[in-house]
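Quick notes on the structure that follows.
Here is the naming used below: chain letters follow the sequence lines, and residue numbers restart at 1 for every chain. Values reported hereafter were calculated over all heavy atoms of this structure, with side chains retained and with hydrogens, waters and symmetry mates removed.
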Protein chains: 2
Amino acid sequence: MVYFYYMLDQLEQQMSTFSRAEQRVANWVLTHPRQTAEATLAVVANACGTSEPTVIRFCRRLGLSGFRELSIRLTEAASKPGSVIHRAVNADDTISDAAAKVFDASIQSLMEVRSMLSTLPIDQAVGAMKMARSLVFVGLGASGHVANDACHKFFRLGIPCAAVNDTPGMLQHAAIAAHKDVFVFVSHTGRWPVLGDAARKARQRGATVVAITDESSTLATNASILFPLQATEDTCVFTPMSSRVTQLVLLDAIQVALALALGEVAAEHLQRTKLALSDLPSG
Amino acid sequence: MVYFYYMLDQLEQQMSTFSRAEQRVANWVLTHPRQTAEATLAVVANACGTSEPTVIRFCRRLGLSGFRELSIRLTEAASKPGSVIHRAVNADDTISDAAAKVFDASIQSLMEVRSMLSTLPIDQAVGAMKMARSLVFVGLGASGHVANDACHKFFRLGIPCAAVNDTPGMLQHAAIAAHKDVFVFVSHTGRWPVLGDAARKARQRGATVVAITDESSTLATNASILFPLQATEDTCVFTPMSSRVTQLVLLDAIQVALALALGEVAAEHLQRTKLALSDLPSG
DNA sequence: CTAAAATATGTAGTAAAATTACAAAACATT
DNA sequence: AATGTTTTGTAATTTTACTACATATTTTAG
């Protein structure tokens, strides 16, 4: 399953898979996204010179539940941000300019992911984790810290968790993966071959593999549930990897969603772990 | 005539003009914007414990044509970041609502810190680090991961770095601190006494102590250079610690500023560490 | 080139959702 | 307490989204 950032990208991508009448609909939607979002099924069908069922079939082919969802997705796409343009840090920047740019970059990438939240398989990930025997968070290098952080967060829900930061470790974990285990692979580019190998192995053994990585990576193709975060190449040596931040916050969001899904039990675990730290001096 | 940028702002503003039943609707919509946008009239009416016409009258009072338009306006509002002033996650939030709130919280706290960048002692920190013999990043628990991440980032500038996540470790490091060492303490509340102790000891031995922590903590009072990040108390068990994100990005900013200050040499080191990872398959 | 199969499209009907009309209830005012 | 006003819900109506099925079109195989 491939997930797209925005409706309209997906539309262009899938254009060839549509039938003649459906392509007319696709074209009209592409050229009048806002109008489509506010119009009724009958109006759209008429404007495309086709019938209502064809428009509905067109929606279904996009993986949507129907015309109503198309409206929602189009409205989202139309109000996507894209306004905050991140400028690269220059060697002649003042310290506060550079710092502001670093913050802007992080804020921007968070906003981007936020705007595509509805297209991300958070539900599916939560569904798998809800019934998991254990969670294994895997990450190398900078992503390793994200994996560790996630481990530290999720275990507080009362689920056995592990974090793995090394190659042999992840292969060993994959080798003994069981049906109800959920692996979460975190990687900026997803290009280290060993990540793909470990993911495949874990899946073969029946585990669910969640991947937070670039869409076009080998890791992505080996995942059961994919969170596609585009890996923007560093044009400048000074540019820090702001992908870590989005990975981190995305995992925050998943953890909160999981906590909600687990309900009372999780809430109590969270409370207890917080209380365990509460006997500190107030200063 | 008052023009509103977003539905939700208008909603809060007009709250007093609503009748009792309408206020129930307004409240529900404010706390579940995303859910409302995707739900049907009947569902919303039911969730608010009122009838369908009341919901429609509520829409009309907002100047909308009906429930259909409310859906569209809410979807817009929910996809435009920053529109939702962060509200706490409720136990009955949908996954989408909860995820958006988590992102909003992080985005908001980043924007807050961004707006006070000019008041932060980044120059001073960079000045000290520029001539440092070594950098020691200290953090316990969740902040430990931030410390590790920072260590992993700064060492690429060619400066000897260490990360410390345990109590004895930090005391030992402090005990052998030297004049040209820079310690960076990361802590959400800064209330663990051992952090203050270690910081004081390190300073006594002539090291520079940078602290990223709450202004009113014991750690803060023992620091030579303070980055005050307010520790907002968690009102809700589900609220994740978004302070980690600001700590992380702040350290990113400091690292970039330091790289710029070091100039050529640092740039070359960064380049080399990137090249060391570049012989990966392209898939 | 034709017959059969598969696919695409539209018509007409159905279910569901939004909206309206109107009456009952709650509230305020004298 | 009676009257007028506002608020709210019930039930009917209209509109909208969706489905089942029949017809047309294209594709494929002999």
Side-chain angles (χ1 to χ4, degrees), chain A residues 7 10-30 32-78 118, chain B residues 7 10-11 13-30 32-78 94 96:
Chain A
M7 235 346 58
Q10 177 178 4
L11 243 168
E12 285 192 329
Q13 202 105 10
Q14 263 183 250
M15 189 58 94
S16 58
T17 71
F18 297 128
S19 70
R20 198 130 6 114
E22 283 170 353
Q23 284 193 4
R24 280 206 304 281
V25 179
N27 262 321
W28 199 81
V29 171
L30 269 176
H32 310 79
R34 258 239 107 80
Q35 251 164 297
T36 313
E38 310 213 3
T40 69
L41 180 54
V43 170
V44 174
N46 196 48
C48 304
T50 184
S51 65
E52 304 184 13
T54 299
V55 177
I56 292 193
R57 279 187 286 260
F58 161 82
C59 298
R60 299 270 154 84
R61 208 179 289 270
L62 284 166
L64 307 174
S65 66
F67 184 74
R68 188 160 286 139
E69 197 185 345
L70 181 77
S71 292
I72 293 169
R73 294 287 101 82
L74 282 176
T75 309
E76 279 176 359
S118 61
Chain B
M7 230 0 40
Q10 178 179 2
L11 243 168
Q13 202 102 12
Q14 266 184 248
M15 190 60 94
S16 57
T17 71
F18 297 128
S19 71
R20 201 141 353 126
E22 284 171 351
Q23 285 194 4
R24 280 206 304 281
V25 179
N27 263 321
W28 166 264
V29 172
L30 270 175
H32 309 80
R34 185 109 234 164
Q35 221 167 326
T36 311
E38 310 213 3
T40 69
L41 180 55
V43 170
V44 174
N46 196 49
C48 304
T50 185
S51 64
E52 305 184 12
T54 300
V55 178
I56 294 196
R57 279 188 287 262
F58 160 83
C59 297
R60 299 270 154 83
R61 208 178 291 269
L62 285 166
L64 307 174
S65 66
F67 184 75
R68 191 171 297 274
E69 196 184 344
L70 180 76
S71 290
I72 293 170
R73 296 286 100 83
L74 280 177
T75 310
E76 278 175 2
T94 61
S96 231

Quick one: does any side-chain atom of A:Glu38 pair with a main-chain N or O of B:Glu69 as donor and acceptor, under 3.5 Å?
no
Expressed in angstrom and rounded to an integer, what is the separation of [X] atom [atom1] from [N] atom [atom2]?
X       : N      : atom1 : atom2 : answer
A:Glu38 : C:dA18 : CD    : P     : 16 Å
B:Ile72 : C:dA18 : CD1   : P     : 12 Å
A:Asn46 : C:dT11 : CG    : P     : 12 Å
A:Phe18 : C:dT9  : CZ    : P     : 12 Å

With B for base contact, S for sugar-phosphate-only contact and - for none (protein heavy atoms under 4.0 Å), nucleotides 8-20 of chain D reads BBB-----SBBB-
Rounded to the nearest 0.5 Å, what separation is found between the [atom1] atom of [X] and the [atom2] atom of [Y]?
X       : Y       : atom1 : atom2 : value
A:Gln23 : A:Thr17 : CD    : OG1   : 8.5 Å
B:Leu70 : B:Cys59 : CG    : SG    : 4.5 Å
B:Ile56 : B:Ser51 : CD1   : OG    : 9.5 Å
B:Thr36 : B:Arg73 : OG1   : CZ    : 15.0 Å

Bend of the helix from C:dC1-D:dG30 to C:dT30-D:dA1 from end-axis comparison, five pairs per end, nearest 10°, comes to 20°
Does A:Arg60 have any salt bridge (Lys or Arg N to Asp or Glu O under 4.0 Å) partners at least two apart in sequence or in another chain, and if so, which?
none
Using side chain to side chain contact (heavy atoms under 4.5 Å, CB included) as the criterion, list what pairs up with A:Ser19, not counting sequence neighbours.
A:Glu22
Mind checking what makes side chain to side chain contact (heavy atoms under 4.5 Å, CB included) contact with A:Ala21, not counting sequence neighbours?
A:Arg24, A:Thr50, A:Thr54
Distances under 3.5 Å only, N/O to N/O: pair up the protein atoms with those of nucleotides 3-6 of chain D.
none

Do A:Phe58 and A:Leu11 come close enough that some side-chain heavy atom pair is under 4.5 Å?
yes
Applying side chain to side chain contact (heavy atoms under 4.5 Å, CB included) to B:Phe18 and B:Leu62, what does each step give before you reach the verdict?
CA-CA 10 Å; B:Phe18 297 128; B:Leu62 285 166; 4.0 Å; yes
